[in-house]
Each structure stands twice: as structure tokens, then as C-alpha cells.
Amino acid sequence: MDKSTLDLLKSQFGLVGVSPKMIEIFRTILKVAPTDLNVLITGETGTGKEVVANAIHKLSKRKKFPFISVNCGAIPETLLESELFGHEKGAFTGAYEQRKGYFEVANKGTMFLDEIGEMPIGTQVKLLRVLETGEFNRLGSTEIRKVDVRVIAATNKILEEEIYKGTFRQDLYYRLKNLHIILPPLRERPEDIPILIDYFAEKTCSRLGIKYQGISLDALNILRGLQWEGNVRELKNLIETIIQLEKNGFITIEILKKYLPPALPPYVVTEQPKETSLIPISRSPETTLGLEVIFKTLLDLKKDVELLKGAINELNAKVDALSTNIIELKPEAYHIVETDGFPNISGENVNLENIEKEIISYTLKKYKGNRRLTAKALGISERTLYRKINQYNLT
Ligand SMILES: Nc1ncnc2c1ncn2[C@@H]1O[C@H](COP(=O)(O)OP(=O)(O)OP(=O)(O)O)[C@@H](O)[C@H]1O
Ligand SMILES: [Mg+2]
């Protein structure tokens with residue numbers, strides 16, 4: 001993905017990321033946006049489901065029409081249907097006048113159904129109908145209305161589990177899942193942390209009219225190792241808080257520590273975690289994704305074991321080669337000592353001068369009187385050898 005596309009996603013839609021996982025998601029967004037496919041976005045809280053939904057809308061031909069975001073979990077069950085599909089006057093107690101629902105308002109545009117996992121099963125049936133035929137009835141009306149709305153749904157629930165429990169309709173799930181975008185937790189893409197920090201810090205600094213100068217490496221490493229249960233939202237809040245309260249445009253480890261919980265678990269302050277050490281299976285939104293991660297980790301481990309085995313074999317080979325050399329050297333070493341008639345100095349003859357004399361005389365003989373070779377073998381200069389020869393009358 002080229003830099004200009006990344007810049008566009010950042011400046012137009014507030015979408016930042018450089019990790020392979022996010023780049024892949026950006027590619028999907030660009031591909032799916034111009035189509036009319038419904039999209040299901042899943043991921044832990046704060047992973048960017050709403051930003052992605054918004055980007056898809058803005059990149060589509062529907063961008064001139066409304067993007068309506070409805071939080072299915074925040075509206076009381078009784079109200080949700082009338083909010084979505086509208087009602088006629090007197091349709092229920094309190095329906096004093098006729099009212100359009102969000103689906104009518106969103107006509108030709110996009111409807112973002114957030115927390116779809118919270119939608120009551122009765123409403124799900126009506127939603128399925130709109131998705132399949134574009135048709136619906138306002139509450140209290142028999143008139144069939146037709147709309148052209150693209151639906152993007154999001155949830156941090158595992159919908160398969162909800163289906164199993166009977167709280168989510170399988171047919172609706174497949175309808176929504178025309179295209180499924182799974183946003184990975186921040187801890188699975190630590191490569192994105194530096195760029196996100198810069199993005200949030202720069203924005204806050206420019207709002208405050210100060211210059212952003214950066215974050216120190218040790219502070220960054222701590223942030224890269226955190227678990228980020230609240231994902232990008234949590235990181236954003238932290239950076240914004242630090243910049244606003246410190247007002248100095250840079251983040252050091254001392255500053256950072258003031259804003260982090262005092263007792264950090266040990267894994268937090270150590271080395272940044274490697275990709276393979278991140279196995280967020282239990283919290284992964286999709287079981288299949290979890291299995292993929294386990295599988296990949298196992299494959300990586302297998303590769304590591306193979307590499308280690310190779311290294312051990314190589315070492316063994318080297319050790320073998322070394323011991324052979326030692327054995328080969330031995331007889332030669334003995335040979336020199338045994339056959340060269342090295343002087344045997346013992347008893348009262350043993351003093352330094354005698355030893356020196358004997359050794360010089362022995363070496364001279366060995367090199368047949370050649371003084372240069374003798375001096376070299378003894379490690380002394382020719383001049384010294386000359387002096388010693390005179391001193392010991394060795395001629
Ligand atoms: N890739 C990203 N680049 C820049 N900002 C991001 C990114 N992802 C998320 N954010 C920011 O993090 C915050 C949370 O994002 P968003 O509301 O889209 O998360 P969510 O997945 O919808 O969370 P929830 O499940 O709690 O509703 C927002 O302020 C958003 O701008
Ligand atoms: Mg959201």
C-alpha cells in the first residue's frame with residue numbers, strides 16, 4: 001500500500017496503521033467500500049469498528065447520503081423497533097404522532113448498527129427482512145415501505161456464541177456477514193503503537209498550540225508491551241491526557257510512569273513482546289482466528305526447534321573435528337620430546353645458568369650452528385645469542 005493512500009486514510013478518515021494486519025484491513029476497506037455489500041465488523045472494544053464503518057461509507061457512492069449510527073445496546077428494547085422502522089400515530093402508548101424511522105432517514109445512505117449482538121430477536125427478524133427485500137412496515141402500519149440502505153453492523157460479542165445460545169439468528173448472521181472484517185486487538189499489532197502515539201499526540205499538541213517533540217524509546221517500549229484491554233481508545237485517552245496535563249509536547253519514561261498504574265505486572269516493563277508470544281486466544285473475537293494464531297505459533301515454534309537442532313548438529317560436528325585434531329597432534333608432540341635428545345639436567349647441575357647454557361647449546365646443535373635460526377627458535381636477538389655463546393664458551 002503506497003504512502004499517499006495511507007496518508008489519505010489518516011487525514012480523511014482518521015485511520016492509522018502500518019502493521020501487516022491493518023494494511024490488509026485497509027485493502028479490504030478500499031475494495032469493499034464501492035460495493036453494496038453488507039459488512040460485519042467485529043473486534044474488541046476500542047479497536048476502531050466505528051471508524052472503519054465510517055470510512056467505508058465515506059469511500060462509497062453513498063457518501064453524499066446519510067450515515068446513521070444506531071447503538072442497538074443503548075436503546076431500550078421497546079423503543080428500538082420504532083426508532084429503526086418508525087411508527088404511525090397511536091401505534092403504542094406514547095406514539096402521539098407519526099414518525100419516520102432511521103431506515104427511512106438513511107435511505108440511499110448507510111446504516112451503522114453498532115452492538116448488533118444486543119439486538120432483540122424480534123427486531124432481528126425485521127432487520128433480516130429489510131436486508132433481504134429492502135422492505136419494512138412502520139409500527140402500526142400495514143403499508144409496505146421500501147428503502148435502499150446499506151447496513152454495516154458491528155459487535156464485540158462472539159456472534160457464533162450468541163447463535164448457540166439462541167439469542168442471535170443464524171440467518172441474519174449470514175446475511176450481515178457478506179463481508180466480515182475482524183479488527184485485531186492492539187496487543188496483536190504493536191507495530192501500530194508508535195504511529196498511533198504520534199498521531200494522537202500531534203493532534204492534541206496542535207490543538208493546544210504546542211510543538212510535539214516525540215516520545216523517548218524507553219517510554220515507547222513500555223507502551224508497546226502493555227495489554228491494552230481498551231485497545232486504541234485506551235491508548236488515545238492516555239496520550240491525550242499526558243499531553244494536556246504536561247503541556248510540554250514530549251513524553252519521557254518519568255512522565256509516562258505518572259500516568260500508568262504503579263504496580264505494573266513484570267511482563268510490562270521487560271522487553272517488548274515478540275509477535276509469537278502474543279496468544280490472545282481467550283479474548284479473540286473469533287474462535288477461528290484464535291486457532292489460526294495457535295497454529296501459526298506452533299509452526300513458528302516448530303521452525304525454531306528445527307533451527308536449534310541444526311545449530312546443535314553443527315556444534316557437535318565442530319567439537320568432533322576439534323577432538324580429532326587433538327588426537328592427531330599428540331604423537332607428534334611426543335615425537336619431538338622423545339627423539340631430540342633434550343638435555344637431561346638433574347641433581348646439583350640444576351641452576352638457571354646451567355639450564356640456559358644447556359638449552360642454548362642444544363638448540364645450536366639442532367640448527368647445526370646456524371645462529372640466526374637458533375636465536376629465532378629461542379626467541380632472543382642474534383646479538384643476545386652471540387653474547388651468551390661467549391659467556392658460556394659455547395663456540
Ligand atoms: N486505526 C485507528 N487509527 C486512528 N484512530 C483509531 C483507530 N482505531 C480506533 N481509533 C480511535 O479509537 C477510538 C475508538 O474507536 P471506535 O469507537 O471506532 O472503536 P469501537 O471498536 O467502535 O469500540 P466499541 O466496541 O467500544 O464501540 C476512537 O477515538 C477512534 O478514533
Ligand atoms: Mg463502537
Side-chain angles (χ1 to χ4, degrees), residues 1 3 5-30 32-33 39-59 67-75 102 110-119 151-159 161-162 176 180-207 212 215 223-224 226-244 280 283-286 289:
M1 177 158 291
K3 196 181 165 299
T5 314
L6 287 175
D7 286 346
L8 176 100
L9 290 169
K10 180 164 138 183
S11 60
Q12 303 285 305
F13 316 117
L15 262 178
V16 177
V18 287
S19 60
K21 285 179 180 176
M22 283 313 283
I23 297 288
E24 201 45 49
I25 283 168
F26 294 161
R27 284 212 177 93
T28 309
I29 291 173
L30 294 170
V32 77
V39 182
L40 175 66
I41 308 172
T42 55
E44 288 178 16
T45 181
T47 44
K49 297 185 288 295
E50 180 140 12
V51 213
V52 168
N54 200 261
I56 293 176
H57 170 73
K58 286 191 183 142
L59 281 162
F67 175 81
I68 305 262
S69 172
V70 180
N71 188 327
C72 306
I75 303 174
Y102 289 132
T110 307
M111 173 88 91
F112 177 53
L113 295 176
D114 205 358
E115 296 193 31
I116 188 86
E118 305 290 331
M119 184 178 270
V151 169
I152 302 179
T155 182
N156 49 31
K157 281 194 168 176
I158 301 171
L159 286 182
E161 257 177 47
E162 302 303 310
L176 290 170
H180 191 176
I181 295 179
I182 303 168
L183 286 174
L186 189 55
R187 78 189 81 89
E188 275 182 28
R189 45 181 166 114
E191 313 94 295
D192 287 339
I193 290 179
I195 185 174
L196 282 166
I197 293 174
D198 286 351
Y199 175 65
F200 297 133
E202 257 158 22
K203 271 182 100 168
T204 317
C205 280
S206 83
R207 223 174 38 234
Y212 175 54
I215 177 165
L223 293 180
R224 284 177 59 112
L226 290 177
Q227 284 299 289
W228 300 114
E229 299 283 327
N231 294 292
V232 184
R233 181 183 290 115
E234 189 183 353
L235 176 64
K236 181 178 185 232
N237 288 346
L238 176 73
I239 300 301
E240 286 179 353
T241 308
I242 294 178
I243 300 284
Q244 286 183 59
R283 298 215 57 211
S284 175
E286 301 302 319
L289 181 71

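Below, each value reflects all heavy atoms present in this structure, side chains not excepted, and no hydrogens, waters or symmetry copies. Note that the coordinates shown come from a computational prediction; the quantities given were computed from them, not determined experimentally. Numbering of ligands and ligand atoms starts at 1, following listing order.
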Residues Asn156 and Thr45: side-chain donor-acceptor under 3.5 angstrom: no
Partner of Glu44 under salt bridge (Lys or Arg N to Asp or Glu O under 4.0 Å), chosen from Lys49, Arg187, Arg233: Arg187
Pairwise side-chain contact, Asn231 with Leu183, heavy-atom cut-off 4.5 Å (strictly under): no
side-chain contact (heavy atoms from CB on, under 4.5 Å) between Leu15 and Ile25, intermediate numbers included: CA-CA 11 Å; Leu15 262 178; Ile25 283 168; over 6 Å; no
Under 3.5 Å: donor-acceptor pair, side chain of Arg189, backbone of Pro184: yes
Does ligand 1 have any N/O pairs with the protein under 3.5 Å, and how far apart?
from     : atom 1 : to     : atom 2 : distance (Å)
ligand 1 : 1 (N)  : Val16  : O      : 2.9
ligand 1 : 3 (N)  : Gly14  : O      : 3.4
ligand 1 : 3 (N)  : Val16  : N      : 2.9
ligand 1 : 5 (N)  : Gly14  : O      : 3.4
ligand 1 : 17 (O) : Arg233 : NH2    : 3.2
ligand 1 : 18 (O) : Lys49  : N      : 3.3
ligand 1 : 18 (O) : Glu50  : N      : 3.0
ligand 1 : 18 (O) : Val51  : N      : 3.1
ligand 1 : 19 (O) : Gly48  : N      : 3.2
ligand 1 : 21 (O) : Thr47  : N      : 3.3
ligand 1 : 21 (O) : Gly48  : N      : 3.1
ligand 1 : 21 (O) : Lys49  : N      : 2.9
ligand 1 : 21 (O) : Lys49  : NZ     : 2.9
ligand 1 : 22 (O) : Glu50  : N      : 3.3
ligand 1 : 23 (O) : Gly46  : N      : 2.8
ligand 1 : 23 (O) : Arg233 : NH2    : 3.1
ligand 1 : 25 (O) : Lys49  : NZ     : 2.7
ligand 1 : 26 (O) : Thr45  : OG1    : 2.4
ligand 1 : 26 (O) : Arg233 : NH1    : 2.9
ligand 1 : 26 (O) : Arg233 : NH2    : 3.2
ligand 1 : 29 (O) : Lys236 : NZ     : 3.2

Those residues that, when tested against Lys58, pass side-chain contact (heavy atoms from CB on, under 4.5 Å) (two or more places apart): Phe13, Asn54
